[in-house]
Amino acid sequence: MSGHRSIGDTEKAVQAKLGDTPIRHEQMAAVANIYRAAAAVRQHFENSVLRSAELTWTSFVVLWVVWIWGEMETRRVAEEAGISKGTLTGVARTLQARGLMERTGHPADGRLALLSLTSEGERLMARVFPELNAEEAFVTEELSNDEALDLADLLRRIVVQVETRGEERRLELLDGEDPRPRRSGRRAKGSRG
């Protein structure tokens with residue numbers, strides 16, 4: 001594949017670039033490989049089983065959250081799926097248009113909305129999840145069952161670290177200030193660097 005670099009090539013290039021720079025190489029490799037593995041798996045899923053169901057990874061995760069937990073407030077779905085409320089709005093509209101999801105008003109608070117799967121959405125998830133699980137088995141087939149469980153435990157520990165201590169660390173890094181709004185990386189019109 002043109003322009004594609006192997007993980008080994010990337011690790012060598014990073015080492016050459018950083019040389020003796022005092023950084024924690026093992027931790028950098030762990031986090032870089034978490035990202036690369038997640039991206040590779042997501043791309044594999046989207047180009048195989050999810051493609052045949054006409055789903056993106058994000059739309060699958062939204063369906064999964066509501067399938068597992070049942071009817072939920074939109075803000076909770078966004079939190080569970082790890083996406084913004086704005087992203088959820090677009091995904092939910094697409095899933096509604098396909099007849100897979102319903103959006104209803106909250107019975108006690110008219111400002112809130114609830115999401116649930118339609119019977120068609122339930123049938124789709126009952127069909128797609130076993131297919132996706134087969135691909136989970138494929139991407140981890142080089143691991144023994146014990147290694148897969150060890151990997152899951154190690155990754156869970158990273159998630160727990162960020163969930164329990166991440167906010168404290170962010171406040172420390174930002175001197176107690178709220179984070180600035182995210183930017184696309186493009187400069188504002190009229191600004192110069």
[atom1]-[atom2] distance between [X] and [Y], expressed to the nearest 0.5 angstrom:
X	Y	atom1	atom2	value
E122	R127	CD	CZ	14.0 Å
L88	R76	CG	CZ	13.0 Å
M101	L63	CE	CG	5.0 Å
L112	M72	CG	CE	12.5 Å
E54	T94	CD	OG1	12.0 Å
S116	L100	OG	CG	11.5 Å

Item to check | CA sep, side-chain torsions, deciding dist, call: R75, K85, side-chain contact (heavy atoms from CB on, under 4.5 Å) | outcome: CA-CA 6 Å; R75 64 183 169 175; K85 289 182 279 184; 4.2 Å; yes

Next on the checklist: Apply side-chain contact (heavy atoms from CB on, under 4.5 Å) to residues R51 and F45 and explain how you reach the verdict.
Outcome noted: CA-CA 8 Å; R51 174 80 43 102; F45 290 169; over 6 Å; no

Mind listing the closest non-hydrogen atom pair of [X] and [Y] along with its distance?
X	Y	result
T118	G99	OG1-O, 2.5 Å
A53	V128	CB-CG2, 3.7 Å
L171	E177	CD2-O, 4.3 Å
P130	A126	CD-O, 3.1 Å

Okay, side chain of [X], backbone of [Y]: is any donor-acceptor separation there less than 3.5 Å?
X	Y	result
E147	S144	yes
S59	L55	no
S84	T87	yes
N47	Q43	yes

Next on the checklist: Using side-chain contact (heavy atoms from CB on, under 4.5 Å), reason through S48 and E135 one step at a time and then give a plain yes or no.
Outcome noted: CA-CA 9 Å; S48 59; E135 294 312 301; 4.2 Å; yes

Tell me, yes or no, whether the heavy-atom count around [X] atom [atom1], taken from other residues, nucleotides or ligands under 6.0 Å, exceeds 12.
X	atom1	value
R170	CZ	yes
D153	CG	yes
E142	CD	no

Checklist outcome for this item: residues 28-46 vs salt bridge (charged side-chain N to carboxylate O under 4.0 Å, His left out), sequence neighbours excluded, gives R42-E46

Item to check | Salt bridge flag under 4.0 Å for residues R123 and E120 | outcome: no

Do [X] and [Y] touch side chain to side chain, with heavy atoms closer than 4.5 Å?
X	Y	result
E136	T140	no
I83	V62	yes
L115	E71	no
R103	L114	no
E80	V77	no

Indicate if [X] and [Y] have the same hydrophobic cluster label, given that clusters are the connected sets of ILVMFWY residues with side-chain heavy-atom separations under 4.5 angstrom.
X	Y	result
V160	I34	no
L154	V31	no
W57	L95	yes
L149	L151	no
V162	L155	no

Checklist entry - Would L50 and T56 count as a side-chain contact (heavy atoms from CB on, under 4.5 Å) if you check the C-alpha gap in whole Å, the side-chain angles of each, and the deciding distance to 0.1 Å? => result CA-CA 6 Å; L50 297 180; T56 63; over 6 Å; no

Next on the checklist: Which label fits F60 and W64: parallel for a plane angle under 30°, tilted from 30 to 60°, or perpendicular past 60°?
Outcome noted: parallel

